[in-house]
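One structure, pasted below without further comment.
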Amino acid sequence: MKLNIAVLPGDGIGPEVTAQAVKVLKAIAMEFNHIFTFNNGYVGAIAIDKTGNPLPQETISICEKADAILFGAIGDTKYDMDPTAKIRPEQGLLGIRKLLDLHTNIRPVIAYDDLLNKSSLKKKQIKDTNILIYRELTGGIYFGEKTLSEDGNLASDTCTYSRFEIERVAHLAFKAAQARKGKLTLVDKANVLESSRLWRKVVQELSTKYPDVKLDFLYIDNAAMELIINPRQFDVILTENMFGDILSEEASVIVGSIGLLASASISDKHAMFEPIHGAYTKVANKGIANPIASILSAAMLLDHFGLDAEGDLIRKAVDKSLKLHITTPDLNNKYDHITTGKVGDFIEDFINNPEETNLNFTNIHLGQSTII
Ligand code: IPM
Ligand code: MN
């Protein structure tokens with residue numbers, strides 16, 4: 001298959017983790033005889049530095065022409081500390097989502113057996129957790145009208161949703177539930193918010209089309225607690241933009257590190273794949289950023305094009321790296337010399353030699369293995 005992939009590494013740790021995902025995609029292309037071409041674009045703080053615009057026209061063109069986009073991370077502490085900044089890195093990411101109409105964001109949350117002890121939650125509570133979060137991505141309070149009074153003392157953000165916006169993401173979530181355990185949980189705040197009541201109504205109506213899916217409802221405050229105390233009860237979670245942002249980051253606690261969570265953002269024409277973590281600028285260029293979220297996002301990219309064996313091979317390689325503790329320091333306090341690049345090298349090597357099962361664990365950690 002020929003795929004034209006736009007690569008937007010962005011800010012902070014974005015470039016180093018994305019480089020590992022590209023390395024892995026190149027290995028897949030080689031192994032399976034695909035032709036993947038990569039075109040890089042600037043986005044976020046780096047794009048502001050270079051062009052004054054967090055989403056330059058050239059980047060937009062690269063994305064529009066691409067079959068898929070691989071996105072790194074966005075943000076910079078200098079903007080975080082300046083709430084008055086009019087031009088902000090995040091506008092780059094939000095701009096792409098809106099422009100390409102990437103309305104559905106899919107975030108898998110899987111508790112790996114080999115990482116159960118990395119979570120601050122109890123093993124027996126999180127074991128076998130496997131959740132798919134469907135987050136609406138181009139509506140709600142993120143994109144509603146914003147105001148700031150002239151004297152700067154009054155501000156507002158509006159949460160607006162239309163039936164159309166709810167239906168398109170809900171259909172996809174119902175279908176995902178059908179292909180899994182058949183359970184869908186809508187998370188909202190329908191006891192307070194009018195927009196949430198519309199979500200409830202529309203989703204209830206749609207549910208008649210999916211009689212094989214068991215639909216239930218939770219308020220966001222309750223869901224935030226249930227997710228931690230009993231995550232196994234969930235199969236597919238459907239929710240609006242901001243609740244999904246918060247819940248998915250909370251869910252990373254189950255997995256053991258936010259550096260493991262991948263995501264896909266899709267529209268009818270475009271698709272973007274990105275880790276859910278941010279730019280984490282303070283550790284950039286230290287070689288300690290976990291590239292797995294970006295690598296697993298690349299696997300989701302392959303799934304999107306029906307390249308299942310390819311995606312599965314990446315996931316198998318990731319499983320192996322976790323089993324062998326070939327992981328960055330967020331997951332590994334024993335072998336802190338395992339860098340972002342070495343994790344990528346291991347996964348690349350596994351893809352090139354999937355049959356190789358006798359890797360010498362000790363040598364890998366001593367850096368003496370031929371595979372690193
Ligand atoms: C995410 C991020 C973004 C969001 C930020 C960087 C704008 O937190 O993708 O979860 O809030 O959607
Ligand atoms: Mn987030």
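Worth knowing before you read on, the calculation uses all heavy atoms, side chains too, and leaves out hydrogens, waters and symmetry mates. Numbering of ligands and ligand atoms starts at 1, following listing order. All residue numbers in this chain count up from 1 along the given sequence.
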| said: Does the residue Arg97 have a heavy-atom contact with ligand 1, meaning some pair of atoms that are separated by less than 4.0 Å? | reply: yes
| task | Kindly state each residue pair satisfying salt bridge (Lys or Arg N to Asp or Glu O under 4.0 Å) with at least one member in residues 298-307, sequence neighbours excluded. | result | Asp303-Arg315
| task | Evaluate the ring planes of Phe38 and Phe36, with Trp represented by its six-membered ring, and classify them as parallel (under 30°), tilted (30 to 60°) or perpendicular (over 60°). | result |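 If you compare the ring of Phe38 with that of Phe36, the planes turn out perpendicular.
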| message | Among all protein heavy atoms in this structure, tell me which lies nearest to atom 10 (O) of ligand 1, with the distance rounded to 0.1 Å. | response |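 Going atom by atom, the protein heavy atom closest to atom 10 (O) of ligand 1 ends up being Asp245 OD1, 2.9 Å.
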| request: Could you tell me if any non-hydrogen atom of Gln91 lies under 4.0 Å from any atom of ligand 1? | output: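 Not so, Gln91 does not reach ligand 1.
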| Under 3.5 Å: N/O of Glu274 near N/O of ligand 1 |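 N/O-N/O distance below 3.5 Å does not exist for this pair.
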| Distance-only side-chain donor-acceptor flag, Gln204 / Lys201, under 3.5 Å |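 The criterion, which ignores hydrogens and geometry beyond distance, is not satisfied for Lys201 and Gln204.
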| task | Specify the protein heavy atom at minimum distance from atom 5 (C) of ligand 1: its residue, its atom name, and the distance to 0.1 Å. | result | Leu93 CD2, 4.3 Å
| note | Nearest non-hydrogen protein atom to atom 4 (C) of ligand 1, with distance, is Tyr142 OH, 3.4 Å
| note | Taken by chain and residue number, the protein N/O/S atoms under 2.8 Å from the Mn ion (ligand 2) read Asp245 OD1
| query | Is Lys209 paired with Glu167 through a side-chain N to carboxylate O contact shorter than 4.0 Å? | reply | no
| query | Are any non-hydrogen side-chain atoms of Ile48 and Pro89 less than 4.5 angstrom apart? | reply |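 Contact flag for Ile48/Pro89 side chains = yes.
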| message | I'd like to check Val253 versus Leu121 (side-chain heavy atoms, cut-off strictly below 4.5 Å). Are they in contact? | response | yes
| task | Report the relative orientation of the aromatic rings in Trp199 and Tyr161; use parallel for angles under 30°, tilted for 30 to 60°, perpendicular for over 60°. | result | perpendicular
| message | Closer than 4.0 Å to some heavy atom of Arg135 - which atoms of ligand 1 meet that? | response |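 The atoms of ligand 1 under 4.0 Å from a heavy atom of Arg135 are 1 (C), 4 (C), 9 (O), 10 (O), 11 (O), 12 (O).
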| To the nearest 0.1 Å, how far is atom 7 (C) of ligand 1 from its closest protein heavy atom, and which atom is that? | Glu90 CG, 3.8 Å
| said: Quick one, Tyr219 and Asp188 - any side-chain contact, counting heavy atoms below 4.5 Å? | reply: yes
| request: Show which atoms of ligand 1 fall inside a sub-4.0 Å distance from at least one heavy-atom site of Arg107. | output: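 Numbered from 1, ligand 1 contributes 1 (C), 9 (O), 10 (O).
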| field | Asn105 and Arg97: side chain donor to acceptor below 3.5 Å | value |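 No.
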| field | Asp113 and Lys323 ion-paired at < 4.0 Å | value | no
